[in-house]
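The next block holds one structure in the form of structure tokens; read it before the comments.
Order of the sequence lines fixes the chain letters, A, B, ..., with proteins taken first and strands second; residue numbering starts at 1 for each chain.
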Amino acid sequence: MIIFLSVRLFRWITGLLLVLLVSYAMMFYGGGDPIKQMFLDELGNTQYLDQKMIDSEREKYGLNDPFIVQFKNYLLNITKGDWGTSYRAQRPVLDMIKPRLWISIQLGFAATVFMALVGIPLGVIAALFHNKWIDLTIVGTIVTINAIPVFVTGPLLLLFFVLIVPIMNVPYGWNGLFDTQVILPIIVIAISTLPIILRQTRTSVLEIKNEDYIRTARAKGLSENKIILKHVLRPALTPVITSLGLVMITLINGALFVELIFNIPGFGKMTIDAIRDVDHPLIMSTVLVGTLVVMGSNLIVDAIYFLVDPRINN
Amino acid sequence: MKKTKSLTEIALARLAKNYLAQIGFFIVILFLAVAMIGPVIAPYDFLSQNIDRALEKPSLDHLLGTDPMGRDIFSRMIFGARTAAIVAFTTTILSLILGILIGTIAGFFGGKIDSILMWLTDVTMSVPGLLLAILINASIKPPISNFFDQLYQSTKNPFFLNTYLIDFVIVFGAIALISWPGYARIIRGQILSLRQQVFVEAAVSMGSGFGHLIRKHLVPNAIGPIVVTVTQGIGAAILLESSLSFLGVGVQPPNASWGSMLSDSLSLWRSFPHLMLVPAVTIGIIQIAFIFLGDGINDALNPKQTRR
């Protein structure tokens, strides 16, 4: 097991390094000049720029070193907990990211809980009524919902709940997780991840439903509810866990749009702002966090799968 | 003697029974037609502004109303279809080429090359795609603008001053670079499974060459999954284009894109809901159409694969 996991770990770490290298190179060779951008913001135009001042600023941020040296320093600093200083806000990036990320984590977590509470039961129901109209309705709806992107469902639900059925004020901004404003954003994110979980649950319940031991359980006189809860659901949920990586990607994508639509100051909003401001350290950190989240959840999935399914041992 | 049906005939017969796929097909064809003959049917120029008539509700003059600059929304939607179609087809072709190249190399050579390429595929797939596309978009813009500037300086050809073109090239690059892994995996899988088939061994032992193997065995077997993936890929590329434009890093104004029209409406939708409704509903319908069509083609081409 340790060998298996360490091979996986090695794969993911090299992958992460590659992603960082490529994005650092993209920042280095493309990406515009951050120092010029900084002065442009302060002065309004580049006309009065003093080349000496630019050079000294470049020196201060270490932008005159060759690529490999810069990248090496960047990696070393990350391991020391120094993620660089934002060009725009002049603050340590890590301090900026933490509160923003916390908001997004709360949103994502609430959406995941909501999605699991709706998606898993629906998936089980669809599988139990395989090919009956309930199943076809659920699957049809999910296929359709799956096709519609977050940045369409968000506005459409907004229009519906504010203008057509006026039951809420315009959700705008962030007042903590326990405010009514977060309901709509959470639903929008949950809808985008719902199809993944629902399909996975349905497929695995369908597979397990016809196993011999389920027939045995039925033969010994267990009630149908008990069979489903005790004997079908537990093994069926193991494959569901594997879609965690996919769910995470969808959550991050969802955060980008939903936070823009509802003006929530979370991680997604910060990413978009950072790219608009050409704020290299901040962009690098958002890529780092995004990739870490996805790769980390893939690694966790591998580990869980390993613990739950002893067949992988061979 | 009764003629046996070819695979294509069976597939078409299956498609003829699938109404959802036909609806999808119809909408996709309509979308492509609109994109192609757009300037002919558009009642107004998509750039012409008329401030006196800004923010009008839908009327006979302006079928879908006008935006804050007094531009006709119906015409802008038509040109947005054009943008979406151009981006979708070009990026699908680009990423297909990239995917076929990488998948073929990985499948044929195997061993170390295969595992390195598949690791690369895994890594690309595990980065949040949109984040990567935004990053590529933000970083390749200055060099490409510079390059076009130099081309203009040396040739004095006003063609290279065209920012429309630069936008498109950047969006193409960003989308193509994140969507090749799907194609690469399919091609590699097909090659690996073919290499173990007995009929391929027989063909090799009878002395058929590399070209013959590709033409007679690889292409006919791989074409089905590729057609399915391409259909879904075009839908996904349209989605990516509008996502990028929505986030403000895609096709830049004043060019029309459904995504940027949607994000422009975010501040105005309470008073002028049609600004938001039109692009949102259009994107939704097009996406559903591509999904239905892709699923239908998938069912038609893979009769063995029963759907659950």
Side-chain angles (χ1 to χ4, degrees), chain A residues 11-12 14-16 18-19 22-23 25-33 127 130 140 143-144 146-156 158-159 162-164 170 202-203 206-207 245 248-253 256-257 260-261 263 271-272 275-276 278 283 286-287 290-291 293-295 298, chain B residues 20 24 115 119-120 122-132 134-146 235 239-240 242-243 246-249 258-259 262-263 265-266 269-271 273-277 279-292 294-295 307-308:
Chain A
R11 256 177 94 96
W12 289 124
T14 45
L16 184 65
L18 181 77
V19 171
V22 170
S23 28
M26 286 200 283
M27 294 290 115
F28 188 81
Y29 292 107
D33 189 341
H130 186 213
V143 167
T144 317
N146 196 24
I148 306 176
V150 188
F151 59 94
V152 172
T153 39
L156 286 183
L158 258 183
L159 283 178
V162 179
L163 291 182
I164 300 175
V170 184
R202 179 169 171 273
T203 319
L206 275 182
E207 251 162 45
M248 282 299 167
I249 290 188
T250 326
L251 283 182
I252 292 177
N253 281 354
L256 283 174
F257 293 108
L260 194 67
I261 294 171
N263 202 28
T271 307
I272 296 165
I275 285 172
R276 282 185 185 158
V278 203
I283 298 177
T286 57
V287 173
T291 318
V293 168
V294 177
M295 288 187 171
N298 279 332
Chain B
L20 281 183
S115 46
W119 169 73
L120 199 65
D122 278 351
V123 170
T124 317
M125 282 181 122
S126 65
V127 182
L130 204 60
L131 211 59
L132 196 64
I134 296 175
L135 188 70
I136 296 170
N137 225 317
S139 65
I140 60 181
K141 190 152 197 171
I144 289 194
S145 305
N146 280 342
L239 184 62
L240 267 174
S242 39
S243 312
F246 183 87
L247 296 175
V249 286
W258 295 341
L262 191 55
S263 70
S265 76
L266 281 180
W269 62 270
R270 281 208 81 170
S271 325
H274 66 280
L275 287 181
M276 182 182 263
L277 199 61
V281 169
T282 314
I283 296 174
I285 289 177
I286 294 290
Q287 286 307 317
I288 293 174
F290 269 101
I291 293 284
F292 282 168
D295 279 1
R307 276 182 84 201
R308 311 252 263 162

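The greatest number of non-hydrogen atom pairs below 4.5 Å with chain A, out of B/Val249, B/Leu120, B/Val123, is found for B/Val123. Of the residues considered (A/Ile272, A/Ile148, A/Ile252, A/Leu159), A/Leu159 shows the highest number of contacts with chain B, using heavy-atom pairs under 4.5 Å. When the candidates B/Ile285, B/Leu20, B/Val281, B/Leu239 are compared by the number of heavy-atom contacts under 4.5 Å with chain A, B/Leu239 comes out ahead. With chain B as partner, the option from A/Leu18, A/Leu156, A/Ile283, A/Thr14 having the largest number of non-hydrogen pairs under 4.5 angstrom is A/Thr14. Taking B/Gly259, B/Pro273, B/Gly248, B/Ser265 one by one and counting their heavy-atom pairs under 4.5 Å with chain A, the maximum is reached by B/Pro273.
The two residues B/Trp119 and A/Arg11 have their closest heavy-atom pair at NE1-O, 3.3 Å. Counting all heavy atoms, side chain and backbone alike, A/Leu206 lies closest to A/His130 at CD2-CG, 3.6 Å. Closest non-hydrogen pair, B/Ile291 versus A/Ala147, comes out as CG1-CB, 3.4 Å. Contact record, A/Arg202 with A/Ala127: O-CB, 3.6 Å, taken as the closest heavy-atom pair.
Only the side chain of A/Thr271 has a heavy atom closer than 4.5 Å to any heavy atom of chain B. No part of B/Phe290 comes within reach of chain A, as not one of its non-hydrogen atoms sits under 4.5 angstrom from that chain. Within the 4.5 angstrom heavy-atom criterion, no atom of B/Ser263 approaches chain A. For chain B, the nearby parts of A/Ile261 are the backbone and the side chain; heavy atoms of each come within less than 4.5 Å. Heavy atoms closer than 4.5 Å to chain A are found nowhere in B/Thr124, neither backbone nor side chain.
The ring pair (Phe, Tyr, Trp, His ring centres under 6.0 Å) test applied to B/Phe246 returns A/Phe151, A/Phe257, not counting sequence neighbours.
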Practice problem: Start with the C-alpha gap between B/Leu132 and A/Val22, add the side-chain angles, then the distance that decides, and say whether side chain to side chain contact (heavy atoms under 4.5 Å, CB included) holds. | Solution: CA-CA 10 Å; B/Leu132 196 64; A/Val22 170; 5.9 Å; no
Practice problem: Show the numbers, then the answer: is there a side chain to side chain contact (heavy atoms under 4.5 Å, CB included) between A/Ile249 and B/Leu130? | Solution: CA-CA 9 Å; A/Ile249 290 188; B/Leu130 204 60; over 6 Å; no
